[in-house]
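To start, the structure under review is shown below, and the notes come after it.
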Amino acid sequence: MSKTVFYTSIDIGSRYIKGLVLGKRDQEWEALAFSSVKSRGLDEGEIKDAIAFKESVNTLLKELEEQLQKSLRSDFVISFSSVSFEREDTVIERDFGEEKRSITLDILSEMQSEALERLKENGKTPLHIFSKRYLLDGERIVFNPLDMKASKITIEYTSIVVPLKVYEMFYNFLQDTVKSPFQLKSSLVSTAEGVLTTPEKDRGVVVVNLGYNFTGLIAYKNGVPIKISYVPVGMKHVIKDVSAVLDTSFEESERLIITHGNAVYSDLKEEEIQYRGLDGNTIKTTTAKKLSVIIHARLREIMSKSKKFFREVEAKIIEEGEIGIPGGVVLTGGGAKIPRINELATEVFKSPVRTGCYANSDRPSIINADEVASDPSFAAAFGNVFAVSENPYEETPVKNENPLKRIFRLFKELME
């Protein structure tokens, strides 16, 4: 009987930390535990209170262990949000002279290592690396060069990197809390990997991740990220607007948005809703329509600011022969749960819009995951696992087999 492989995924956000434990036996995946706790000690993607930050991570780990009824012993993948993520392209060549050589896994591994080292020399830490294109003898483009013969091979890589100081900040604090080996990933990339389909990533798509402090934007084409950016407005600003206009606490504003919020107000009735004032005791009233007017205004601002990114990506994809962006816009993150937000986004972007969650991707189905698989805020937690299993770069030697070799071995097996 085959052995179950366990993965513990943690996505660190400024408002909530999500945790997910998955088990895989043969080709069957199962969700064994999941939880969400309030994030403390973080602000604008930086650790401001180390003690509070560690306590919130420990709270999440304890909740996961209580569900499992045992200690967490697995590979850990941890993603975090930051406006410091950048996309960089790197080109690596191997010239074998006049004699053609068979392309081996060792050659590809060496070239990948050289690409990673080049990024590190520039003070950047790569979190994700994608093979963008393989070129043999300067003219032949292939999808998989393994076992092909060439005098020269050129590989174009696309990497998502972060400044070393940002990487070290998270890694050092987490090392004291998470005792097992772990890898760090970009929450934005993992979110996209957790919600998109392969055809969307191949033909072109834009993901709008409605986060707490800011809105993350990432576009894919030909299976790899082609552009990332950020809008410095997020769900925190929506909550603050409600708090200011209705004269109530931040927590009560968040509750109102979750229970009564709507992204579109034009056809809403003047239904009365009650809430508590700033003192926590005084009962006040407003209407669902007034609440939604406040929410709509800030969400429209976020969409309008994101539209510039969308247009830039659209222009780039049109140059490559497509009509518009075939995959349209995928909304994800906690803000994507607001009712009728897709309707608002469709109006702003003038493009097809869908909600991005794991259940709407083309990833393997997961037993006992219905609740979280349909939750856009858990997208990165799912995407972390597949970013590790499909991304050849690993920070820690937690597996015996080189991950790049594993990918090409599996690909070769499928072709046989």
Side-chain angles (χ1 to χ4, degrees), residues 6-14 16-22 37 39 41-48 50 53-54 56-58 60-61 64 72 74-88 112-113 115-117 119-130 157-194 209 211-214 216 218 225 228 230 378-399 403-404:
F6 298 96
Y7 296 88
T8 300
S9 173
I10 298 174
D11 180 47
I12 300 172
S14 296
Y16 292 96
I17 301 179
K18 309 289 184 181
L20 178 67
V21 181
L22 298 181
V37 302
S39 178
L42 289 174
D43 184 47
E44 301 292 339
E46 292 188 4
I47 299 173
K48 300 295 186 181
F53 174 67
K54 290 178 182 179
S56 59
V57 174
N58 275 322
L60 176 73
L61 295 177
L64 293 175
L72 286 169
S74 69
D75 295 341
F76 274 72
V77 193
I78 304 175
S79 56
F80 63 99
S81 299
S82 174
V83 297
S84 301
F85 295 130
E86 298 175 358
R87 188 192 69 87
E88 290 199 12
Q112 177 189 276
S113 297
L116 295 170
E117 286 303 318
L119 292 168
K120 291 177 183 178
E121 289 172 0
N122 295 328
K124 303 292 179 65
T125 302
L127 302 181
H128 304 261
I129 185 166
F130 301 83
Y157 294 101
T158 290
S159 304
I160 304 301
V161 301
V162 70
L164 179 61
K165 63 179 182 179
V166 176
Y167 174 87
E168 290 181 338
M169 175 182 66
F170 278 94
Y171 191 89
N172 291 338
F173 280 114
L174 288 166
Q175 198 170 31
D176 295 335
T177 306
V178 180
K179 304 304 180 183
S180 301
F182 63 89
Q183 300 174 49
L184 285 179
K185 297 295 178 183
S186 158
S187 182
L188 180 58
V189 177
S190 290
T191 293
E193 293 294 322
N209 185 32
Y212 180 68
N213 279 316
F214 49 81
I218 183 167
I228 64 173
Y230 301 89
F378 267 86
F382 282 102
N384 280 341
V385 175
F386 294 96
V388 166
S389 62
E390 297 179 2
N391 193 316
Y393 176 49
E394 295 191 10
E395 300 163 300
T396 52
V398 295
K399 294 182 175 63
L404 180 61

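Every value quoted in this text rests on a predicted model; they were computed, and no experiment measured them. Position 1 is the first residue of the sequence, and the numbers go up from there. Side-chain atoms are counted along with the backbone in the values below, which use heavy atoms only and exclude waters and symmetry mates.
A search for side chain to side chain donor-acceptor pair (under 3.5 Å) contacts involving Ser39 returns nothing, not counting sequence neighbours. Evaluation of the side-chain contact (heavy atoms from CB on, under 4.5 Å) rule for Ser159 yields Leu119, Ile129, Val161 as partners, not counting sequence neighbours. Remark: Asp11 engages Ser79, Ser187 in a side chain to side chain donor-acceptor pair (under 3.5 Å) (not counting sequence neighbours). When the ring pair (Phe, Tyr, Trp, His ring centres under 6.0 Å) test is applied to Tyr212, no partner is found at least two apart in sequence or on another chain. For Ala379, the side-chain contact (heavy atoms from CB on, under 4.5 Å) test picks out Thr191, Val195, Thr332, with sequence neighbours left out. Evaluation of the side-chain contact (heavy atoms from CB on, under 4.5 Å) rule for Asn122 yields no partner, not counting sequence neighbours. Residues satisfying the salt bridge (Lys or Arg N to Asp or Glu O under 4.0 Å) criterion with Lys124, sequence neighbours excluded, are Glu86, Glu88. Every residue two or more places apart in sequence or in another chain was checked for a ring pair (Phe, Tyr, Trp, His ring centres under 6.0 Å) with Phe378, and none qualifies. The side chain to side chain donor-acceptor pair (under 3.5 Å) check on Ser190 picks up Asn384, with sequence neighbours excluded. Residues passing the ring pair (Phe, Tyr, Trp, His ring centres under 6.0 Å) test with Phe170 are Phe80, sequence neighbours excluded. Scanning for side-chain contact (heavy atoms from CB on, under 4.5 Å) contacts around Val21 gives Thr8, Leu32, Ala33, Leu64, Leu68, Leu72, with sequence neighbours left out. Partners of Ser84 under the side chain to side chain donor-acceptor pair (under 3.5 Å) rule, at least two apart in sequence or in another chain, are Ser82.
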From CA spacing to verdict: side-chain contact (heavy atoms from CB on, under 4.5 Å), Ile10, Leu60: CA-CA 9 Å; Ile10 298 174; Leu60 176 73; 3.8 Å; yes

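Ring pair Phe173/Phe53 is perpendicular by interplanar angle, where above 60° counts as perpendicular and below 30° as parallel.
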